[in-house]
Amino acid sequence: MTDAQILDIFYKKIVHEAQKGKVDCYFTINIAFNLIIDNIEISKCIELPYDDILIPTLKITNKKRFDDMLIAYVKKAINFYDPSDFSFLNDMVAIDDKNFNQVKAEYLIKYIISNLFANASFSDFNYPIEFLRLRLAMFDNRILNYDGELELGYIDSIGARIYVTEQVSPIKSETPYSIRSYLQFDDGYKLFLPDIYAGNSGDKYKLYGIQKTAKSNKIEEEPYLKQIRRGFIAKINGAPEHYFLTVMLFLSLCSDKEIEIIPFLVERWNAKTISIYNKSKNNSALSLLDIKKDQNRIQNNITNILILYFEKLEKVSKGINFHSLPFELDSSLYISIEQDFESRSIAFNEIFGLVSEYKNKKNNLGK
């Protein structure tokens with residue numbers, strides 16, 4: 001595919017379809033945004049049938065620079081992600097052999113760009129060149145810089161060893177890499193911790209989510225969660241212990257640069273809203289209002305809980321600095337960690353010490 005093809009598909013296909021809230025990538029991706037180039041309105045979402053859509057505006061101030069970076073991103077994404085991420089192209093059946101490869105290329109480009117903007121915040125839409133710079137940098141910068149499974153060491157207060165692995169995420173995920181970790185207790189039991197979806201842009205870390213993806217037996221886990229609790233203190237006791245521990249791990253791994261916590265992605269919100277609308281429209285038994293209330297409640301809980309983890313750990317620790325809370329400058333939380341960090345949580349101190357020891361040995365974390 002040529003550079004001109006990529007830009008043609010973006011401006012003539014994606015921008016046009018985003019006005020209607022649906023981008024055709026062989027299947028539908030729900031995404032909606034307006035476009036302004038050099039203060040001139042190019043496209044606007046009008047007559048959308050959905051209520052409560054939060055429509056961002058993509059504000060391009062230097063089209064040449066934006067175009068060059070968008071082309072670079074598409075080409076890099078094709079080579080970076082696992083081919084299985086694009087396996088849907090193999091399901092396509094040739095209707096017109098003459099244009100078949102052209103149609104497949106179009107769907108591929110649409111899919112890559114749609115997933116890119118699905119992970120953009122309102123601020124990213126306002127400053128898309130900076131957004132593309134950061135996303136391109138995340139391909140080249142890892143957090144661990146370690147291939148395979150890394151044993152960080154033994155956490156005495158919990159009675160378990162902690163292991164971490166950095167892996168390439170699926171293209172649908174918020175970041176190119178994610179960190180998977182688990183505790184191995186003295187009896188051999190492995191407790192898998194939530195995955196960390198964070199990116200390293202070279203000058204800062206951006207955390208998008210902490211999500212537990214591995215299936216587990218809650219009854220089986222309970223005694224091990226109690227062991228984790230032993231390393232905490234009263235103010236941060238209580239479920240979910242493994243989430244607090246994962247936040248401790250993340251802060252320890254990323255203490256050498258500024259950290260940005262991004263609790264809300266507008267296009268993911270829109271995708272859910274559009275999906276809810278379509279579902280309720282086809283099922284008269286569903287109350288659209290009740291479903292929306294439930295979505296609002298779930299999203300607010302997710303956002304508030306993620307920020308709460310950091311707020312609670314900041315209150316019991318010395319050396320965690322909050323520079324901006326969500327909705328002061330933008331929707332993100334900005335944090336820095338001082339070198340003389342110390343926590344009243346024994347487990348936090350131990351994890352921070354294990355990571356610091358590894359950093360000093362390898363001198364390759366956060367590169």
Inset, instruction - Looking only at non-hydrogen atoms, find the nearest pair between His323 and Ser336 and report the distance. - result: NE2-OG, 2.6 Å
Legend entry - Reported CG-to-CG distance for the pair Asn126 and Leu58, which is rounded to 0.5 angstrom: 9.0 Å
Legend entry - Cation-pi check, Lys63 onto Tyr11 ring (under 6.0 Å, within 45° of axis): yes
Inset, instruction - Would you confirm whether Asp124, through its side chain, and Ser121, through its main-chain N or O, come within 3.5 Å as a donor-acceptor pair? - result: yes
Legend entry - Tyr107 and Phe86 aromatic centres sub-6.0 Å: no
Inset, instruction - Please name the pair of heavy atoms, one in Ser114 and one in Ile29, separated by the smallest distance, quoted to 0.1 Å. - result: CB-CD1, 3.8 Å
Inset, instruction - Please report the closest heavy-atom contact between Lys76 and Leu136, naming both atoms and the distance. - result: CD-CD2, 4.2 Å
Inset, instruction - For residues Met92 and Phe100, report the shortest heavy-atom separation together with the two atoms involved. - result: O-CZ, 3.7 Å
Inset, instruction - To the nearest 0.5 Å, tell me how far Ile351 CD1 sits from Phe250 CZ. - result: 14.0 Å
Legend entry - Distance-only side-chain donor-acceptor flag, Lys359 / Ser255, under 3.5 Å: yes
Inset, instruction - Without swapping roles, check the side chain of Asn30 against the backbone of Asn270 for a donor-acceptor pair under 3.5 Å. - result: no
Inset, instruction - Using atom types as modelled and distance alone, determine if a side-chain donor or acceptor of Glu241 lies under 3.5 Å from a backbone N or O of Lys226. - result: no
Legend entry - Ring center gap for Tyr224 and Tyr189 short of 6.0 angstrom: yes
Legend entry - Pi-cation contact, Tyr208 with Arg135 (under 6.0 Å, within 45°): yes
Inset, instruction - Decide if the gap between the ring center of Tyr81 and the ring center of Tyr111 is smaller than 6.0 angstrom. - result: no
Legend entry - Spacing of CG belonging to Leu116 relative to CZ belonging to Phe131, to within rounding of 0.5 Å: 4.0 Å
Inset, instruction - Decide, yes or no, whether a salt bridge links Glu106 with Lys110 under the criterion of side-chain N to carboxylate O below 4.0 Å. - result: yes
Legend entry - Spacing of Lys206 atom NZ and Glu260 atom CD [to the nearest 0.5 Å]: 3.5 Å
Inset, instruction - Would you verify whether the NZ or CZ of Arg142 falls within 45 degrees of the ring axis of Tyr177 while also being under 6.0 Å from that six-membered ring's centre? - result: yes
Inset, instruction - Kindly state whether the ring of Phe139 and the ring of Tyr73 have centres lying under 6.0 angstrom apart. - result: yes
Legend entry - Shortest non-hydrogen contact from Ile9 toward Ala105: CD1-O, 4.5 Å
Inset, instruction - Give the minimum heavy-atom separation between Ile210 and Val247, together with the two atoms involved. - result: CD1-CG2, 3.5 Å
Legend entry - Gap between atom CG of Leu354 and atom CG of Asp156 - 0.5 Å precision: 8.5 Å
Legend entry - Lys204, NZ: over 12 other non-hydrogen atoms inside 6.0 angstrom: yes
Legend entry - Single-linkage hydrophobic cluster, 4.5 Å side-chain cutoff, Phe10 and Ile42 together: yes
Legend entry - Greater than 12 external heavy atoms within 6.0 Å of Gln167's CD: yes
Inset, instruction - Using modelled atom types only, decide if a donor and an acceptor are shared between the side chain of Asn217 and the backbone of Ile219 within a distance under 3.5 Å. - result: yes
Inset, instruction - Say whether, by atom type as modelled, one donor and one acceptor occur between the side chain of Ser169 and the main chain of Ser178 under 3.5 angstrom. - result: yes
